[in-house]
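One structure below.
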Number of protein chains: 2
Amino acid sequence: MSTDSEPLEVWCAGSDWCPITTTATLIGKKWHPVVIHRLLENGPLGFNALKEEVDGISAKVQTDVLEDLEEHGFVDRTVVSEKPFRVEYSLTDRGQSLEPVIIAMRDWGREHLTAPADQ
Amino acid sequence: MSTDSEPLEVWCAGSDWCPITTTATLIGKKWHPVVIHRLLENGPLGFNALKEEVDGISAKVQTDVLEDLEEHGFVDRTVVSEKPFRVEYSLTDRGQSLEPVIIAMRDWGREHLTAPADQ
DNA sequence: CTGTATCCACAACGATACTG
DNA sequence: CAGTATCGTTGTGGATACAG
């Protein structure tokens with residue numbers, strides 16, 4: 001089912017294991033879910049294209065987030081061309097498997113939060 | 001549908017509004033989802049009973065988390081008795097509305113993570 | 001275009017000890 | 001039982017400028 005070679009046990013170090021805490025540790029940050037969501041919706045994206053989709057993230061933070069997601073096998077970084085240097089970020093199978101979680105968050109936010117502009 | 005008096009717009013200050021980021025800001029921490037989950041499953045709980053259910057959290061962090069969840073209207077704190085001092089934490093309607101998100105996280109963790117003890 | 005380099009501020013987490 | 005009080009460490013995010 002998974003094309004990833006890294007074992008999942010690596011993520012789970014610690015004495016107090018719990019699927020929720022561990023999941024929260026992996027993607028429970030301000031920007032991680034949005035980055036994953038944009039890659040889910042808009043397919044492979046370059047660094048700045050992704051940055052525009054995410055909207056509001058700084059270059060440094062986006063770099064940090066992408067590195068973290070890559071380390072954990074959620075995101076794939078591919079150099080598309082060297083001359084005009086181009087890169088593409090995409091989700092791995094493992095990254096795509098997070099869709100239900102991301103969608104649940106999005107749906108909850110849509111239903112229970114109100115955008116400030118609408119005021 | 002909601003018994004809460006506080007408007008939801010308060011949470012959404014900021015120029016770059018997005019339902020996912022905002023939701024992530026509210027509950028995207030290491031312990032918040034677990035605390036909510038335990039209250040969902042095991043109903044109203046006292047401080048130490050909750051602490052045992054969560055398993056691994058320190059008293060100080062649990063206090064911080066509960067205060068934050070209370071501030072945002074997810075959790076209700078009720079003093080049950082004064083003589084033997086007793087308190088009960090329970091979810092508000094708004095807190096219960098997070099169930100799909102929490103369950104999605106739990107299910108993902110169960111399916112994609114492995115407990116270290118099982119090795 | 002794709003990032004790095006700094007530097008900073010503050011939030012989150014953790015361990016231990018102690019209190020009403 | 002239900003927390004507080006400290007203190008320290010690490011994480012997370014943010015602004016700005018600069019570089020290959």
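A note on names: the letters A, B, ... follow the listed sequences, proteins ahead of strands, and every chain is numbered from 1.
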For the pair made of [atom1] in [X] and [atom2] in [N], what is the distance, rounded to whole Å?
| X | N | atom1 | atom2 | value |
| --- | --- | --- | --- | --- |
| B/D64 | D/dA5 | CG | C1' | 12 Å |
| A/I27 | D/dG11 | CD1 | C1' | 17 Å |
| B/L66 | D/dA2 | CG | P | 11 Å |
| A/L45 | C/dT2 | CG | C1' | 14 Å |
| A/H32 | D/dG11 | NE2 | P | 12 Å |
| B/W31 | C/dA15 | CH2 | C1' | 14 Å |
| A/I57 | D/dG13 | CD1 | P | 8 Å |
| B/Q62 | D/dA2 | CD | C1' | 10 Å |

Applying salt bridge (charged side-chain N to carboxylate O under 4.0 Å, His left out) to A/D68 and not counting sequence neighbours gives none
Would you say [X] and [Y] make side-chain contact, with heavy atoms under 4.5 Å?
| X | Y | value |
| --- | --- | --- |
| B/P19 | A/H37 | no |
| B/L66 | B/E70 | no |
| B/L39 | B/L69 | no |
| B/V65 | B/K29 | no |

Out of D/dG3, C/dT2, D/dA2, minimum distance to the side chain of B/Y89 belongs to D/dG3
Quick note, B/S58 side chain, CB onward, closest among D/dG13, C/dG14, C/dG3 is C/dG14
Report each atom pair, protein N/O against N/O of nucleotides 4-11 of chain C, whose distance is under 3.5 angstrom.
none

With a 3.5 Å cut-off and sequence neighbours excluded, list the donor-acceptor pairs that the side chains of residues 97-107 of chain B form with protein atoms.
from: B/S97; atom 1: OG; to: A/W108; atom 2: NE1; distance (Å): 2.9
from: B/S97; atom 1: OG; to: B/R94; atom 2: O; distance (Å): 2.5

Is B/K30 near enough to D/dG11 that one of its side-chain N or O atoms lies under 4.0 angstrom from OP1 or OP2?
no
Would you check if the side chain of A/T92 reaches a backbone N or O of A/F74 as a donor-acceptor pair within less than 3.5 Å? yes
Show your working on side chain to side chain contact (heavy atoms under 4.5 Å, CB included) between A/N48 and A/E52 and close with a plain yes or no. CA-CA 6 Å; A/N48 284 317; A/E52 279 180 21; 5.6 Å; no
Exercise for the section: Could you verify whether a donor N or O on one side chain and an acceptor N or O on the other, from A/W31 and B/T21, lie under 3.5 Å apart? Expected result: no
Per the under-4.0 Å heavy-atom filter, residues of residues 80-88 of chain A near DNA chain C come out as A/F85, A/V87
Open item on the list: One pair to check against side chain to side chain contact (heavy atoms under 4.5 Å, CB included): B/C18 and A/D55. What are the steps and the verdict?
Closed with: CA-CA 9 Å; B/C18 158; A/D55 191 31; over 6 Å; no
Contacts table for residues 82-91 of chain B: side-chain donor-acceptor under 3.5 angstrom, sequence neighbours left out:
from: B/Y89; atom 1: OH; to: B/R77; atom 2: NE; distance (Å): 3.3

One would report the end-axis bend of the helix from C/dC1-D/dG20 to C/dG20-D/dC1, five pairs per end and rounded to 10 degrees, as 50°
